[in-house]
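A note on names: the letters A, B, ... follow the listed sequences, proteins ahead of strands, and every chain is numbered from 1. Note that the coordinates shown come from a computational prediction; the quantities given were computed from them, not determined experimentally.
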Protein chains: 2
Amino acid sequence: MARRAGVSVGTVSNVINRPEAVLPDTRARVLAAIEELGYVRSESARQLRAGRSRIMALLVLDMGNPFFVDIARGAERAAREAGLGVMVCNSDQSQEEEAEYLGLFAEQRVCGVLVTPADATGGNLEAFARHRIPYVLVDRVAASTEHCAVCVDDVRGGMLAVGHLVSAGHRSVAYVSGPDDLYQIRDRRQGALAALAEAGLGPEALVEIPSDRLDVAAGRDAGARLLGLVPRPTAVFCANDLLALGVLQSLYAAGVRVPQDIAIVGYDDIEFAAAAAVPLTSVRQPATVMGRMAAEMLLEEADDTGGVHRHRSVVLQPELVVRASSSAPRGPVRPTP
Amino acid sequence: MARRAGVSVGTVSNVINRPEAVLPDTRARVLAAIEELGYVRSESARQLRAGRSRIMALLVLDMGNPFFVDIARGAERAAREAGLGVMVCNSDQSQEEEAEYLGLFAEQRVCGVLVTPADATGGNLEAFARHRIPYVLVDRVAASTEHCAVCVDDVRGGMLAVGHLVSAGHRSVAYVSGPDDLYQIRDRRQGALAALAEAGLGPEALVEIPSDRLDVAAGRDAGARLLGLVPRPTAVFCANDLLALGVLQSLYAAGVRVPQDIAIVGYDDIEFAAAAAVPLTSVRQPATVMGRMAAEMLLEEADDTGGVHRHRSVVLQPELVVRASSSAPRGPVRPTP
DNA sequence: AGAGGGGAGTGAATTGATTCAATCCGATCC
DNA sequence: GGATCGGATTGAATCAATTCACTCCCCTCT
């Protein structure tokens, strides 16, 4: 036993956890032994005793989407301030992967889970709830009163996006969507329809271009399909910026001018939206804030011993960021001397 | 004890780990009890006994860089095939963060670590080696014979990039670099200088624009500084694509045409490089492959009981992808009818 | 001087899964 | 019928840290 190196047993524990309760003399001796032996206390053992680990899990839909990376950043910062580690995992929008990861988290006895659900039925999480491990929904309204949630008002986001297009005179808007399992997709559509209705336009003014993935490649594909539409919509609202970037690439390759021929609005306002071929108008979501809030709520719940915690549901507001892809183009680029 | 629910003790363990060694009858009874009680075996307990966990750590320089996300993807896939979880962490190029995370990994007794070192001195990893936890360097040549490594030939990458610019007639190239602690930065510079030398140009042909961060914002800043240079280089080689995108934005905002006035070459060939304002020429790195190989080498080392494992160092080759940012511009965009 | 108090340190119990030597039991063999 | 064999099952030991009731010892107060 490494502790023998010093002289004692559970005193080592005191040196590490309550140094003030140990004489400076003894403490120094133990610390020296620790240093000499390169001793590192085993988390597994503490965990076993404590019943849960000091790791928080974050399960996102797509690690390749900078939006989720921002969420992870916010969550990670909050977690580290509390001395916890974060395990970031990727469900890839698959219910099976999600279920598998949730099982892994239960085995690990993580202290809590932040999750962007891929499973619209909520079955995975319902099953997970048995384990009494706290979890917080991220980027999704609360599905029950049994947990906290932080999300962004996606209906409003859809309204902002399409409202902007409608007020610029567009009368037919394509919606490059995604799997209908995802609330985000449905809510944004609903917002889009609401914006059209407000301008006296019916649901036929929204031409849906479905897509099963939500990445740049899927966007390119959707762009190609958009070009084949007759009559062709004069504007596109994309369910996220990755799709929008793909659509933009497609249009660009086909020689269609943005925004003159077709206007584009994306969603998320990822960093790369501003750096796109045509800087992208997008609906900004406070991703980092969302990640941080979710983590803080989770910590509050996890640390709650006296049953003081009350589940909350926070809805943040999105913000429209208008750039070139949906507004009158600036004049021709001025060459520098 | 949950196991009592059935009737036995360590038989539960057999049901789970060696089902064939248990009578179907008993097995069914135990499984029923497991189901009924919602039992999930505790990883902490197994870990404690096994001495190490079933989690692999991945410590990258910047989660916000899609290049590292691709590495993570490759590693994660390989790890999951072996039934392991991956804990992705972000050192943010900070030696302190790196040290802190390595400490965390040691406490967790992770089965191995994949790391893109932030600490050029190698001190952090040297200290970490005491714990006898295998680790593999990713995107960095082996620093000693005590570990495996997978990297990409950055000198060659720098040569490809600048060689391409030189052969297009450029005689003065800016190098938007990063912290000199990073081997990647140094090697790419060395490659750039070699390419210039090959064309009979001295080191003064490479104008360095230093930068401490490697993100889009730092790129915008570098772009501003580039514009102030007299005489102004006719081409820029950026140490990564994020910087390049930032530079591009800066130039674009100032009305400088790319590639006519200034050509740009990036590094990494992230997905967004192709979708940039001017599609970016870049040096492609096999990130996913690198992540996968690193994970596989780590698994081989971790699973090696008989001392069969020999440390290896794999060097992959980069590839130049030429796009508009460094080549003659295509004709004016053709409007569609 | 003896009792009482308190700070320092001890070590057994606890946590849950795994492992392994030991036990049990039915069946086969001599 | 007794011995032997082997598959099924058991339960104690193990892993490392934490916790807590307990011991020790020294100091102070009466």
CZ of B:Arg41 versus P of D:dC15: gap in Å, rounded? 21 Å
Spacing of B:Arg27 atom CZ relative to D:dT9 atom C1', expressed in whole Å: 14 Å
Tell me the interatomic distance from A:Arg49, atom CZ, to D:dC15, atom P, rounded to whole angstroms. 18 Å
Per A:Ser13 side chain, nearest of listed nucleotides D:dT9, D:dT18, C:dT18: D:dT18
Please state whether the phosphate of C:dT18, meaning OP1 or OP2, lies under 4.0 angstrom from any side-chain nitrogen or oxygen of B:Asn17. yes
Can you tell me the distance, in whole Å, between the CZ atom of A:Arg52 and the P atom of C:dG16? 15 Å
Verdict with reasoning, A:Gln285 to A:Asp154, per side-chain contact (heavy atoms from CB on, under 4.5 Å): CA-CA 9 Å; A:Gln285 306 205 72; A:Asp154 280 322; 3.9 Å; yes
Pairing donors with acceptors under 3.5 angstrom, does anything connect the side chains of B:Glu98 and B:Asn124? yes
Does A:Ser8 or B:Val12 map to a spot on DNA chain C nearer the 5' end, using the closest nucleotide for each? A:Ser8
Remember a base hit wins even if backbone is also touched, and classify A:Ser42 as base, sugar-phosphate or nothing at under 4.0 Å, heavy atoms. sugar-phosphate
Distance only, no hydrogens: is a donor on one side chain within 3.5 Å (strictly under) of an acceptor on the other, for A:Asp92 and A:Ser94? no
May I have the distance from A:Ile16 (atom CD1) to D:dT18 (atom P), rounded to whole angstrom? 6 Å
Out of D:dT9, D:dT18, C:dG16, which has the shortest distance to the side chain of A:Leu48? C:dG16
The side chain of B:Val9 lies closest to which of these nucleotides: D:dA16, D:dG11, D:dT9? D:dG11
Atom-to-atom span, CG of A:Asn14 to C1' of D:dT18 - whole angstrom: 9 Å
Could you tell me whether the side chain of B:Arg46 has a donor or acceptor atom within less than 3.5 Å of a complementary atom in the base of C:dT18? no
Start at the 5' end of DNA chain D and walk down; is the nucleotide closest to B:Thr11 or to B:Ala45 reached first? B:Thr11
Side chain B:Asp304, main chain B:Glu300, donor-acceptor under 3.5 Å: no
Report which part of the nucleic acid A:Ser44 touches: base, sugar-phosphate, or nothing (heavy-atom distance under 4.0 Å, all strands). nothing
Provide, to the nearest angstrom, the distance between the CG atom belonging to A:Leu23 and the C1' atom belonging to D:dC25. 12 Å
Separation of B:Glu43 atom CD from C:dA17 atom C1', in whole Å? 10 Å
Go through the side-chain N and O atoms of A:Asp62 and A:Gln93 and say whether any donor and acceptor fall under 3.5 Å apart. no
Comparing nearest nucleotides in DNA chain D, the 5'-proximal residue of the pair B:Glu20, B:Arg109 is B:Glu20
